[in-house]
Amino acid sequence: MLDKFGVARALREIGMLLELDGENPFKIRAYENGARAVEALDEDLAALVTGERLTDVPGIGEALATKIAQLHRTGQLDLLDRLRAKHPPGVLELLEVPDLGPKKIAALQAALGIASLADLEAACAAGRLRGVKGFGEKTEQKILEGIRRLRARPAQRRVLLADALELGDRLVAHLGRSPAALRCELAGSARRGKETVGDLDVVAASGDPPALAAHLVQFPLVEEVLARGDTKTTVRLAGGLQVDLRVVPPEDWATLLHHLTGSKAHHVKLRGIARDRGYTLSEWGLYRLPANAAKGRRRTATATSTATPTATATATPTSTPDADTPPPEGSEKVRIDSEAALYAALGMQPVPAELREDQGEIEAALAGALPEDLVAAGDVRGMVHCHTTWSDGRATVADMARAAEALGMEYLTITDHSRSAGYAGGLDADRLRRQWDEIDRVQEQVKVKLLKGTEADILEDGSLDWPDQILERLEVVVASIHSRMKMDEEQMTRRLVAAMRQPVFKIWGHAMGRLLGKRDPYRARVEEVLDALAASRGAIEVNGDPERLEADPRLLRLAGARRIPVVLSVDAHSPAALGYLRLAAITARRGWVRRGDVLNVRPFQEFRAAVRPV
DNA sequence: GCCGTTTTCGGCCCGACTGTTTTCAGTCG
């Protein structure tokens, strides 16, 4: 019995082992795609298996459906067992070594019998690699260094989005100070707003790429230059984060920015669409293929005539590209001066960066069904979910109020912890009343409207951590789980549903309670919980705390399908943390949250009416 | 392996960089 994540892991392992077997790369990709598809399932895997509807899922055909069903039911699969038996158990970790791929591993296995990281290290140290065809001294050194680094760093260290964005902003500012920089921007998964980031991708337009690359190397945090080519430079920063800088002439800016924003899956699908419509797409731009260069794909010729870009005037053929770019022979470059123009040329709505994950956005954009009014940080009029020195915040009510006011906010909710959150200085009824007095006093000194609220613990039985007569006097209640997070799925589901059925339940805080890299979400049947939330007309919080970024975008899309309203929150314990709004907004956008679905973009009176616990 | 408004076969994204090769294969994103 495996859940969908277990099944996905098994499929990935099969893919990797097949790779070591030298299998057809497209078959390997099919397993990877299958793993992604299973992971991304909205519907219960068990239901799909029982209903024999797995093949309805794009990327899953007959063969994979059978294997997935067996993995799900029994946790075991003959193919996987055979592959595991064929390859020594230590061989998969070899794929983790930088610059070492399946081909080289196979060669080393054949020539030297290397079957583990330890074998490899010993062979390098003894200088035996350089004897193998295709390997030299440099490769040997590089691999040794790679092993050392692999051992030194904690497994798969990724940085939090907040840190990546801060570092990225500094890098872009640094590059912008070079006279060689015409434009410069952070791309990659940081631009897509992924909750953790493995490396930074920076794109730049310049008439003098080598000068800009040299300027990058001057960035104070650069520790090592890993690669340096005509258009691409890779460095490693102190702390281990890798930065790729790509530089192109201004006319290729838009397609390069698009190329480096990703994700890979989004690009693969997009390029297939380009191909179908008689183009080829790469970071060098969009090229119209000559009519006779159909590459054996019969549909290409007709697709070209029907898919001529008409949406904008930006997609007009220009002269042949520069000599140093690699255009497909006989093709014609299409002028693209923005990412939106690129999508338009392919007959699509523009896809916001945060949505480029191949999670249905391409199909929606082709159908004209993509939301065009995703919420942005600038839409927000009120800061929600703020703590003060009354509980575990580090700033007073007055400090928080002035900070929110300085940011142009119309209102601010003060939501200190409730009594049961003893570790966080939760308030009892008496202290709560004294806090109200202070809020009243501060209100006289500031323009920003202060709302009296609480972050109430959802207790073990689903009740909230205040008597009803207090809850009813509060203006805003964020209800969160802070304890007993290891309940089983059944208990947790009942706890949440019970909580949400109370009329005073208005905002679900810390939805599913993850701590990035530290704690998995608690277990609950999310669809059932969201149904309860929708029925009670409650809202879901998008928490901008860098270590949380709850709710997960996938959960937000399930909420969106139920028309559940959203609150963008900062969960601020200090004035500086009001800046987390940026992270909340980017996370909401990843969940396809539209402006109209967000409560705290509304004016004060409307917001207050919408969240009032009654 | 999957997929299909001309398909059940024959496609399946594309280029930069490195090291080792004397013209390219492997890896990476």
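Note that this is a predicted model, so its numbers are computed, not measured. Reminder, nothing fancy here: chain letters follow the sequence lines and each chain counts from 1.
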- Task: Evaluate the side-chain proximity of A/Pro102 to A/Ile105: yes if any heavy-atom separation is below 4.5 Å, no if none is.
- Result: no

With the side chain of [X] defined as its heavy atoms from C-beta on, choose the nearest nucleotide among [options].
X        : options                : answer
A/Ser282 : B/dG15, B/dG1, B/dA16  : B/dG15
A/Trp284 : B/dT18, B/dG15, B/dC2  : B/dG15
A/Phe26  : B/dT18, B/dC12, B/dG15 : B/dC12

Within this structure, what is the [atom1]-to-[atom2] distance between [X] and [N], rounded to whole angstrom?
X        : N      : atom1 : atom2 : result
A/Asp358 : B/dC3  : CG    : C1'   : 14 Å
A/Asn24  : B/dC2  : CG    : C1'   : 11 Å
A/Arg12  : B/dG1  : CZ    : P     : 18 Å
A/Leu11  : B/dG1  : CG    : P     : 12 Å
A/Leu286 : B/dC14 : CG    : P     : 11 Å
A/Arg36  : B/dC2  : CZ    : C1'   : 14 Å
A/Leu260 : B/dC17 : CG    : P     : 12 Å
A/Ile273 : B/dG4  : CD1   : C1'   : 14 Å

Strictly under 3.5 Å: I want the nitrogen or oxygen pairs between protein and nucleotides 25-28 of chain B, one per line.
residue, atom, partner, partner atom, Å
B/dT27, OP1, A/Gly101, N, 2.6
B/dT27, OP1, A/Gly101, O, 2.8
B/dT27, OP1, A/Lys104, N, 2.9
B/dT27, OP2, A/Lys103, N, 3.3
B/dT27, O5', A/Gly101, N, 3.4
B/dC28, OP1, A/Asp99, N, 2.8

Please state the [atom1] separation for the pair [N] and [M] - nearest whole angstrom.
N      : M      : atom1 : value
B/dT7  : B/dC12 : C1'   : 14 Å
B/dC3  : B/dT8  : C1'   : 10 Å
B/dG11 : B/dT6  : C1'   : 15 Å
B/dT20 : B/dA25 : C1'   : 9 Å
B/dT21 : B/dA16 : P     : 24 Å
B/dG10 : B/dG15 : C1'   : 24 Å

- Item | Donor-acceptor side-chain pairing of A/His266 and A/Glu357 below 3.5 angstrom | no

- Query: In Å, rounded to the nearest 0.5 Å, how long is the span from CG of A/Leu366 to NZ of A/Lys269?
  - Reply: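 Spacing of CG (A/Leu366) from NZ (A/Lys269) equals 9.5 Å.
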
- Message: Just to be sure I understand the geometry, which residues of residues 108-130 of chain A put a non-hydrogen atom under 4.0 Å away from DNA chain B?
- Response: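 Under 4.0 Å from DNA chain B: no residue of residues 108-130 of chain A.
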
- Query: Going by number, which of residues 261-270 of chain A have a non-hydrogen atom under 4.0 Å from DNA chain B?
  - Reply: A/Lys264, A/Val268

- Query: Applying side-chain hydrogen bond (donor to acceptor under 3.5 Å, both in side chains), which residue pairs with at least one partner in residues 128-139 of chain A are found, sequence neighbours left out?
  - Reply: A/Arg130-A/Glu140

Any base atoms under 4.0 Å from [X], or only sugar-phosphate, or nothing? Heavy atoms, all strands.
X        : result
A/Leu18  : nothing
A/Glu23  : nothing
A/Arg29  : base
A/Lys133 : nothing
A/Pro58  : sugar-phosphate
A/Gln141 : nothing
A/Thr234 : nothing
A/Tyr31  : sugar-phosphate
A/Asn33  : nothing

- Take A/Lys86 and A/Asp21, measure what salt bridge (charged side-chain N to carboxylate O under 4.0 Å, His left out) needs, and give me the verdict at the end. CA-CA 9 Å; A/Lys86 186 171 172 188; A/Asp21 269 358; 3.2 Å; yes

- Message: Per the salt bridge (charged side-chain N to carboxylate O under 4.0 Å, His left out) rule, what does the pair list look like for residues 207-229 of chain A, sequence neighbours excluded?
- Response: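 Qualifying pairs: A/Arg149-A/Glu224, A/Glu223-A/Arg236, A/Glu224-A/Arg236.
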
- Task: Mind jotting down which residue pairs meet the salt bridge (charged side-chain N to carboxylate O under 4.0 Å, His left out) criterion with at least one end in residues 50-71 of chain A? Sequence neighbours excluded, please.
- Result: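 For residues 50-71 of chain A: A/Glu43-A/Arg53.
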
- Item | Any residue meeting side-chain hydrogen bond (donor to acceptor under 3.5 Å, both in side chains) with A/Arg191, in chain and number order, not counting sequence neighbours |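 With sequence neighbours excluded, A/Arg191 shows a side-chain hydrogen bond (donor to acceptor under 3.5 Å, both in side chains) to A/Thr261, A/Glu339, given in chain and number order.
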
- Residues forming a side-chain hydrogen bond (donor to acceptor under 3.5 Å, both in side chains) with A/Glu354, sequence neighbours excluded: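 Per chain and number, A/Glu354 pairs via side-chain hydrogen bond (donor to acceptor under 3.5 Å, both in side chains) with A/Arg589.
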
- Qualifying residues under ring-ring contact (aromatic ring centres under 6.0 Å, His included), relative to A/His258, sequence neighbours excluded: A/His267, A/Tyr343

Output every pair passing ring pair (Phe, Tyr, Trp, His ring centres under 6.0 Å) with a member in [range], not counting sequence neighbours, ordered by first then second residue.
range                       : value
residues 203-235 of chain A : A/His174-A/His215, A/His174-A/Phe219
residues 10-68 of chain A   : none
residues 84-133 of chain A  : none

- Between A/Gly136 and A/Gly229, just flag the one whose closest nucleotide in DNA chain B comes earlier from the 5' side.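 Going by which nucleotide is closer to the 5' end, it is A/Gly229.
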
- Query: Above 12 or not: heavy atoms from other molecules or residues under 6.0 Å from CD of A/Glu166?
  - Reply: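 For A/Glu166, atom CD is not crowded (no more than 12 foreign heavy atoms under 6.0 Å).
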
- State the pairing partner of B/dT8; accept Watson-Crick or G-U wobble contacts with both distances under 3.5 Å, and report none otherwise.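 Here B/dT8 is not engaged in any pair, so there is no nucleotide opposite it.
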
